[in-house]
Amino acid sequence: MKKDIFKKIYKAIKDHQTIVIARHIGPDPDSIASQIALRDSIRLTFPDKKVYAVGIGVAKFRYFGNLDKIDDSLLQDPLLIVLDLPNKSRVDGVSFERYKDIIKIDHHPHEDKMGDIEYVDEKASSTCEIITLLINNTHLKMNSEIAAKLFMGIVADSDRFLVPSTNPITFDVAKNLIIKYKLNLTDMYNHLYERPLNEARFQSYITLNMTVTENGFGYIKLNNDKIKEYEVDSSTASNMINNFNYIKGIYVWAFVSYDERQDLYKVNIRSRGPVINEIAMKYNGGGHKLASGARIKSPEDIDLLFEELDNACKLYKESLDIKNKETNV
Ligand code: AMP
């Protein structure tokens, strides 16, 4: 079944001379790595094709490689491959109307249908895991640079193999990349995890100042004065949200930072039990069951979102209490 869809994807790639690869706005390592790795693999396999990885770049992910600038209205019969994106509204750098042939490859819960060929595996740890399987199961080529990008995307999105979507295939795929392409783990982890001391201090500030409700909801609203004081930026908190997993008594946690450029509040939400994406969706957000985000215009909506998240923790805690009682009887 998987192999059939991989064959279809490969055939569509083979049949198109021009290919555009897009992903979601506000890229993370998985979306950027999968996009650039797939582009480089297609270029390596078919040197004559024109293949572009598009969207706005982020300085701290520059080590994954450069993105391409295109005017997609000028392209001849292009194929669009959309990665790591469940809903059309969050695509970066392309207009869907300009493409007749579209392939979607994703590991988020399914939202919008985008094209005739769709491969959505919610059980996969990351889009990079799926792209590795696609390359391994077709005539697409890989080299050690591509392998390193894919490995880093898997490690980042699985939060170092901690998130529940980590599965035996994730380990198998990662192990094979390491062995076959002799990947240097230290180099890759330096890229992914080295950070300045002020960021570590800022993380301590969040730990010390996070509010935790009696239901196990932890949150902090970060104001721009604090962000300036620690010499970080509004995306810094987002990048450290995963570090707050496995804190006893916290089931859901959220950070709010204000994005001055877009004049909206960015909320990062994580959970180790209650389902949060359905709540986030009500507030211009979405994502995975246990890793979601939202973009919110009004401070009142943040409070409403937090009320719902706190309530989800309450219900979850009650269900845990019932379970514990049952097992003790
Ligand atoms: P983040 O907290 O930004 O790392 O995002 C966690 C997950 O939620 C990722 O899968 C994002 O693609 C998704 N996500 C973040 N913000 C939004 C949003 N406003 N709408 C839909 N999905 C989102």
Side-chain angles (χ1 to χ4, degrees), residues 22-35 55-56 58 60-61 82-93 104-112 114 120-130 152-160 162-166 192-193 203 206 218-222 233-245 252-259 261-272 274-298 301-302 304-306 308-309:
R23 40 81 189 154
H24 60 76
I25 51 169
D28 53 13
D30 184 38
S31 59
I32 288 234
S34 57
Q35 181 187 33
I56 294 174
V58 176
K60 66 176 180 294
F61 300 143
V82 188
L83 301 179
D84 201 38
L85 175 76
N87 52 342
K88 286 181 166 180
S89 62
R90 296 186 73 236
V91 75
D92 190 356
K104 170 183 179 175
I105 301 175
D106 189 21
H107 73 127
H108 292 85
H110 191 274
E111 287 184 48
D112 296 342
M114 295 179 190
V120 177
D121 182 0
E122 228 190 292
K123 294 204 176 84
S125 70
S126 51
T127 302
C128 280
E129 179 181 312
I130 302 174
M152 286 191 276
I154 293 169
V155 169
D157 231 41
S158 69
D159 191 14
R160 290 170 261 185
L162 281 179
V163 302
S165 58
T166 303
L192 282 176
Y193 297 113
Q203 183 170 318
I206 295 178
Y219 65 89
I220 186 160
K221 296 176 185 175
L222 295 156
D233 62 50
S234 68
S235 68
T236 310
S238 311
N239 298 328
M240 49 182 69
I241 184 108
N242 289 338
N243 300 346
F244 288 74
N245 204 346
V252 173
W253 60 106
F255 298 167
V256 182
S257 32
Y258 178 63
D259 184 335
R261 254 189 317 151
Q262 298 186 64
D263 183 27
L264 47 74
Y265 296 93
K266 186 176 171 199
V267 190
N268 306 97
I269 318 162
R270 295 294 184 271
S271 167
R272 58 193 189 105
V275 173
I276 51 174
N277 58 347
E278 287 160 11
I279 300 176
M281 273 178 202
K282 297 189 211 165
Y283 297 88
N284 192 29
H288 301 279
K289 281 182 184 150
L290 304 182
S292 305
R295 304 282 180 278
I296 294 184
K297 277 272 172 205
S298 87
D301 278 350
I302 296 172
L304 291 173
L305 166 67
F306 282 7
E308 290 204 46
L309 292 171

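Read the numbers this way: they start at 1 and go in the same order the structure lists the ligands and their atoms. This structure is a prediction, so every number in the text was calculated from the model and none was measured. Side chains are part of it too, since the values below use all heavy atoms of this structure and drop only hydrogens, waters and symmetry mates. In this chain, numbering begins with 1 at the start of the sequence shown.
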So the salt bridge (charged side-chain N to carboxylate O under 4.0 Å, His left out) pairs with at least one residue in residues 280-294 (sequence neighbours excluded) are E122-K289, K282-E308
Per the under 4.0 Å non-hydrogen criterion, ligand 1 touches R90, H108, N268, R270, N284, G285, G286, G287, H288, A291, S292, G293, A294, R295
The side-chain hydrogen bond (donor to acceptor under 3.5 Å, both in side chains) partners of H288 (sequence neighbours excluded) come to H108
Of all heavy-atom pairs linking S125 and S158, the shortest is CB-CB, 4.1 Å
Those residues at least two apart in sequence (or on a different chain) that pass side-chain hydrogen bond (donor to acceptor under 3.5 Å, both in side chains) with D301 are none
Heavy-atom nearest pair, D30 first then C128, reads OD1-N, 2.9 Å
Within a reach of under 6.0 Å around OH of Y219, are more than 12 heavy atoms found that belong to other residues, nucleotides or ligands?
-> no
